[in-house]
2 protein chains.
Amino acid sequence: MRETILSETVLNETIPATILLIDDHPLLRKGVKQLIELDDELKVIAEASNAIDGIKMAKETEPDLILLDLNMPNINGIETLKMLRDEEVASRVIVFTVSDNEEDVVAALKAGADGYLLKDMEPEELLASLHQAALGKVVISDKLTTLLAQALQSGRSSNKSDISSLTPREKQIIKLIAGGLPNKLIARKLNITEGTVKVHVKHLLKKLHLRSRVEVAVWAVQEGLR
Amino acid sequence: MRETILSETVLNETIPATILLIDDHPLLRKGVKQLIELDDELKVIAEASNAIDGIKMAKETEPDLILLDLNMPNINGIETLKMLRDEEVASRVIVFTVSDNEEDVVAALKAGADGYLLKDMEPEELLASLHQAALGKVVISDKLTTLLAQALQSGRSSNKSDISSLTPREKQIIKLIAGGLPNKLIARKLNITEGTVKVHVKHLLKKLHLRSRVEVAVWAVQEGLR
DNA sequence: TCTAAAATACCTCTTTATAGGTACCACTTT
DNA sequence: AAAGTGGTACCTATAAAGAGGTATTTTAGA
């Protein structure tokens, strides 16, 4: 695949690592792309502004690295990551986001991310991290290492509240709880009986290891469920 | 201040609107700056990664526009905006953020923002909005207009939950509610009886025009009470 | 197609939460 | 001194929430 190179020492020839950007913010993509252009060992070969396009491009271009935003409309980053894995995309996926939330970090790594970098990092650090990532290393922003260590040592990685275990109905009810609705109104809204709502609440409390709907509401808000 | 221009029709001479970027993400700044460079009616003359530097630079450079991020460490965007106003900086301040949260939008505009743009907008739209802003127009992302209309018509701007009417004890209890504690545990923690906690809860519910502790918890979390 | 998971409904029982009232005390403002 | 505010306490009564169980129907996966 390597193209012919004119009048250049063959020994100095570097094959740039190819990168796909998936982020719904055009401006951010622009900034990252411009930064990466300064580095001849890295090359942005494709961009996408949503999960669907991103996955399509990943399959078409087979990049070495995928920089993936977490906070995207419709399909979020974690889901996108899982879909990429399902599609057997071989690229190394680096989550690139503003969220230094422990849940997000753990979820991303559990879902098989090969790195987790924060958008507020210095440009030089980002390039350095991408180099490492291209070499097969798992890269994590310095800020997060302490956080991760705590998460692991306190065993929270196994018993933390995990949205992935919830059924669609349960997620739906969580959002309504976070909206402050009592069971009776939730029932009316969903055209089911209050008793049934209680069953769902009971189940989701158990799954999330939470003690009350107040904790559910707080959790949901902090988790950014909408 | 206008520099000498060589061999150019004087009639076509445009004085670019000067812009100061305040955002803690270097990459985003990079992207925006690159975009603005394409437009010779706009010019980034300074950048800052935090509120303190931003305010200093605003006073030094007196830009026409300030693009201000909301989500910054230490001092957030709204506070920064207020500080700019206190310092009597004459620049038009455009909030530029990812948050399409109603509270944020309303808070920003109440604090005197001259615009509120979302980071996920298209580059062309951003440039167009900045042109409008430079002409003195208040620019709001299209996405937000519906939201704003609702906020105003439902009168939420005037009778929204206001923390200032709360007593210290009530604020304290709100934080504990948001921590998911039931009245009994709150009582233990504060060394008062559960009955007394109930009275406080009752009062604060009335003051905040909220219907349940769940709504209180959600409100507190979104309000960032800690 | 068979099966397991999900969603639904109804039951009882206990605990929490909310609303209303009265009352006392300390402190500040008028 | 009187009035107001904030914090405390106790009372009754109702509403809501949560835990336990059983059971039927749909839906989706193997």
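Only heavy atoms go into these numbers, but all of them, side chains included; no hydrogens, no water, no symmetry mates. In the text below, chain A, chain B and the rest are named by the order of the sequence lines, each starting its count at 1.
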To the nearest 0.5 Å, atom CG of B/Leu205 lies from atom CD of B/Glu215 at 8.5 Å
For A/Leu205 and A/Lys184, take the nucleotide of DNA chain D holding the closest heavy atom to each; which residue's nucleotide lies nearer the 5' end? A/Lys184
Looking only at side-chain N and O atoms, does A/Arg211 come under 4.0 Å of OP1 or OP2 in D/dG18? no
Within this structure, what is the CG-NE2 distance for the pair A/Leu42 and A/His131, rounded to the nearest 0.5 Å? 4.0 Å
Can you list, by residue number, the residues of residues 185-204 of chain A that have a non-hydrogen atom closer than 4.0 angstrom to DNA chain D? A/Lys198, A/Val201, A/Lys202
When rounded to the nearest 0.5 Å, the distance separating CG of A/Leu21 from CD1 of A/Ile94 is 12.0 Å
Can you measure B/Arg169 atom CZ to C/dA26 atom P for me and round it to whole angstrom units? 17 Å
Starting from P on C/dT16, measure out to CD on A/Glu215 and report it in whole angstrom. 13 Å
Which one of A/Ile66, A/Leu65, A/Ile45 satisfies the side-chain contact (heavy atoms from CB on, under 4.5 Å) criterion with A/Thr18? A/Ile45
Round to the nearest Å and state the distance from B/Lys206 atom NZ to C/dT18 atom C1'. 11 Å
Just the rounded figure in Å: distance from P of D/dG6 to CD1 of B/Ile174. 14 Å
Just verifying a value: how many Å separate B/Leu126 CG and B/Lys119 NZ, rounded to the nearest 0.5 Å? 11.0 Å
So does B/Arg213 get a side-chain nitrogen or oxygen closer than 4.0 Å to the phosphate oxygens (OP1/OP2) of D/dA16? no
Respond yes when some side-chain nitrogen or oxygen of B/Asn183 is under 4.0 Å from OP1 or OP2 of C/dA17, and no when none is. yes
Nearest-Å distance, CG (A/Leu176) to P (D/dA17)? 13 Å
To the nearest angstrom, the CD1-P distance between B/Ile177 and C/dT16 comes to 15 Å
Side-chain donor or acceptor of B/Arg29 paired with backbone N/O of A/Gly31 under 3.5 Å: no
